[in-house]
Amino acid sequence: MKYYLTTPIYYVNAAPHIGHTYTTIAADVIKRFKRMQGFDPVILTTGSDEHGQKVERSAQAAGKTPQEFTKAIAEEFERQWRDFGLGIDHFVRTSEDPKHRETVQWLFERCMKNGAVYKGSYTGQYCVFDELYVNDAKPGDPCPDCGRVTETVTEENYFFKLSAFADRLLELYEKQPDFIQPDSKRNEVISFVKQGLNDLSISRTTIKWGIPVPVEGKHVFYVWFDALTAYLTAVRDQKDKAGNDIWPADLHLIGKEIIRFHAVYWPAFLLAAELPLPKRVFAHGWLLFEQDKMSKSRGNIVRAEPIRKVMGADALRYFLLREIVFGQDGSFSYDALIGRYNSELANGLGNLASRTLTMIQQYRGGVIPAGSAESVQKSACETIAATAESFHKFDFSKGLEAIWAMLSVVDKFIVEQAPWKLAPNQDPAAQQKLDAALFASAEALRIATALLYPVLPESCAKIWEQLGMPEPLESVRLNSLAWGQLRAGQKIGHIAAVFPRIEAKPAIEKMRELEAQVSAEQAVLMGKAPAPAASGSPQITIDDFAKVDLRVGQVLSAERVKGADKLLHLKVDLAEAEPRSIVAGIAEAYAPESLIGRKVVIVANLAPRKLRGLTSNGMIVAASLEGGKPMLAGFLEDVPVGARLK
Ligand code: MSP
């Protein structure tokens with residue numbers, strides 16, 4: 001049976017960051033898990049949302065045509081998913097794919113034919129950033145989502161009769177209680193629909209960058225009608241081997257902020273067009289950075305690529321799925337990432353693997369002995385059931401917790417059995433006990449590896465190979481995974497550490513360094529980078545800048561320096577015990593008395609230097625034009641003396 005799942009198609013006016021990676025990794029985990037459950041084919045669609053005013057403007061700002069701009073960013077997303085080894089089957093580019101254009105027009109015509117679309121005129125407050133009319137907003141009101149001021153727009157639109165679908169939507173939520181997950185989101189959507197729905201404008205005449213409405217020269221589709229249809233574009237007319245249609249989607253995986261579009265508008269469009277509805281919409285939570293929402297304006301966006309380069313894709317996959325309860329908000333931090341990696345992957349799974357395999361190598365010449373141990377067997381069987389159930393519910397953190405509980409049972413078991421004590425004991429009973437301990441540990445390791453495959457595909461494949469398993473790991477099916485399938489007599493493979501320990505400080509430094517690099521590269525891609533050659537200065541990091549202690553000072557006294565036309569000797573108050581003595585080359589531009597009481601900017605941690613017998617303990621900051629006179633930096637607002645500039 002087929003399983004079809006999707007991620008949102010991402011806007012191309014931002015380059016990929018860890019939030020996009022979070023959803024796409026989760027989709028890849030689900031895809032692998034669905035294969036394990038026996039679905040075939042499992043198809044995953046993602047893509048890029050490329051139309052609309054925002055993109056048109058971003059392209060303009062980057063000095064590119066929308067076509068050039070969208071291509072470059074879409075390729076960046078694709079590259080990222082490829083580098084992460086994510087199993088993407090379809091990548092839909094909404095502005096590029098002729099099949100998509102045709103599908104959007106086809107969907108519209110079906111809605112039109114069924115009387116769900118009409119032409120009207122609309123005046124409203126529009127948020128250009130979110131591409132959304134803001135209901136009930138007055139001119140000048142900010143957008144409730146992003147806070148930017150809305151624009152008043154009047155235009156002729158095609159409207160979708162959303163108001164006519166409220167009852168059918170409520171019936172859908174009622175009959176198919178798991179259509180919207182998690183439940184908290186379901187309740188939110190139900191109360192939104194119960195308040196009554198307004199019709200939805202689905203075309204624009206003010207925008208050029210979009211898919212044309214059929215027969216209507218001046219209208220293009222409003223981005224959400226266009227974007228949501230990408231899910232259909234990817235698999236329209238596709239069938240599985242048994243001849244069943246791939247559509248409808250079994251799962252739309254999204255972030256919580258776009259639930260309304262997926263759980264209200266999208267099923268309404270499909271109902272109007274008399275097309276099958278998706279089975280489920282699952283909204284996961286927000287990934288925060290050290291408790292703060294990631295945003296461009298806060299400058300706290302983290303990219304996934306540096307983490308992959310320093311720690312590997314699996315480290316990030318594991319962290320995201322273990323740390324955050326899927327469906328709730330969660331926090332990312334480098335410390336937490338490395339903490340979990342070292343304690344749970346390096347010391348936990350990695351250590352168990354190398355310990356078990358090394359003992360088999362040492363005590364049994366690398367051949368898996370026959371035997372078993374009831375306590376470990378019981379724990380492994382329970383874990384298979386518990387993990388299968390949790391993963392099926394997309395409760396990944398709980399499933400992973402269950403696997404780690406089993407690993408600790410095995411760890412304890414090894415300590416109790418103490419194979420290193422049994423090995424030298426030639427008594428057959430001791431040797432049998434040793435066989436049992438080795439087999440049970442290896443079999444538990446095999447089961448853990450099979451269960452963990454969706455989350456840790458690369459690392460589990462390595463452990464699988466080290467166990468000497470003959471069949472490929474991807475071919476393991478959940479319903480046939482059971483205790484006792486490890487073959488005695490099997491030769492293990494070459495043992496190598498799968499999760500080497502990571503030293504936190506240098507790793508974080510490296511990731512931050514790469515982060516700065518990637519973000520600079522992305523800025524170039526978005527056309528936002530300061531042209532590196534323009535200033536001629538090499539780039540510095542924020543840490544470099546932080547080394548400079550810039551302070552607000554107030555000039556207490558100023559005198560000319562004898563024998564030097566350009567120098568003034570200043571005493572500057574920096575709110576320290578003593579005023580600073582500073583010698584500055586500003587005598588040609590400023591009369592000494594004009595400076596008394598003036599607030600200035602001082603480099604307070606410059607090493608002292610002697611000038612004409614006077615010590616200068618710092619430097620005054622001024623703009624200096626070639627051939628012109630220096631002009632002191634100052635403030636328009638009143639600032640306290642001693643305040644730091646940063
Ligand atoms: N283009 C629309 C979606 C159209 S789908 C038919 C869009 N694009 S987006 O680029 O803004 O991507 C939003 C999605 O990216 C979220 O729904 C979520 O899947 C993911 N995330 C982006 N930032 C995120 C976090 N900080 N945390 C979690 N997920 C995040 O909306």
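Whatever order the structure lists them in is the order used to number ligands and atoms, beginning at 1. Every value quoted in this text rests on a predicted model; they were computed, and no experiment measured them.
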Heavy atom of His284 under 4.0 Å from ligand 1?
yes

Only heavy atoms of Gly19, strictly under 4.0 Å: list the atoms of ligand 1 that pass.
20 (C), 21 (N), 22 (C), 23 (N), 24 (C), 25 (C), 29 (N), 30 (C)

Looking only at protein heavy atoms, what sits closest to atom 20 (C) of ligand 1 is Thr23 OG1, 3.4 Å

Distance filter under 4.0 Å to Gly285 heavy atoms, resulting ligand 1 atoms
28 (C)

What are the two closest non-hydrogen atoms of Val264 and Val193, and how far apart are they?
CG2-CG2, 3.9 Å

Relative to Phe84, does Arg308 satisfy both conditions: NZ or CZ under 6.0 angstrom from the six-membered ring centre, and within 45 degrees of the ring's axis?
yes

Looking at ligand 1, is there an atom of it that comes within less than 4.0 Å of some heavy atom belonging to Phe261?
no

For the residue pair Arg260 and Phe192, would you count it as a cation-pi contact if the rule is NZ or CZ under 6.0 angstrom from the ring centre and within 45 degrees of the ring axis?
yes

Tell me, please: is Trp266 in heavy-atom contact with ligand 1, that is, under 4.0 Å?
no

shortest atom 3 (C) of ligand 1-to-protein heavy-atom contact is with Ile9 O, 3.3 Å

Which ligand 1 atoms are under 4.0 Å away from a heavy-atom of Leu228?
6 (C)

Centroid separation Phe394 to Phe33 less than 6.0 Å:
no

When you measure from atom 8 (N) of ligand 1 to every protein heavy atom, which one gives the shortest distance, and what is it?
Tyr11 CD1, 3.3 Å

Sub-4.0 Å heavy-atom contact, Ala283 with ligand 1
no

Protein contact of atom 25 (C) of ligand 1 - nearest heavy atom, named by residue and atom, plus distance:
Trp286 CE3, 3.1 Å

Near-ring test Tyr265/Phe160, centroid separation under 6.0 angstrom
no

Are any of the N or O atoms of Gly255 closer than 3.5 Å to those of ligand 1?
yes

Nearest atoms (heavy-atom pairs only) where Lys99 meets Ala234
NZ-O, 3.8 Å

Within the structure provided, determine whether Glu68 and Lys71 are in side-chain contact (heavy-atom separation under 4.5 Å).
no

Could you tell me whether Asp250 and Lys34 have a side-chain N and a carboxylate O separated by less than 4.0 Å?
no

Distance to the ring centre below 6.0 angstrom and angle to the axis at most 45 degrees; does that hold for Arg322 and Trp404?
no

Considering non-hydrogen atoms of the protein only, which is the closest contact for atom 17 (O) of ligand 1, and what is the distance?
Glu257 OE2, 2.8 Å

Taking only non-hydrogen atoms of Ala227 and a 4.0 Å limit, the atoms of ligand 1 in range are 6 (C)

For atom 6 (C) of ligand 1, what's the nearest protein heavy atom and its distance?
Tyr231 OH, 3.4 Å

Tell me the protein heavy atom at minimum distance from atom 27 (N) of ligand 1, and give that distance in Å.
Leu287 N, 2.8 Å

Is the distance between the ring centroids of Phe326 and Phe282 under 6.0 Å?
yes

Ligand 1 atoms nearer than 4.0 angstrom to some heavy atom of Asp49 are 1 (N), 2 (C), 4 (C)

Asn342 side chain vs Ile502 backbone, donor-acceptor pair below 3.5 Å:
yes

Protein residue, atom and distance nearest to atom 15 (O) of ligand 1, heavy-atom basis
Tyr10 CE2, 3.4 Å

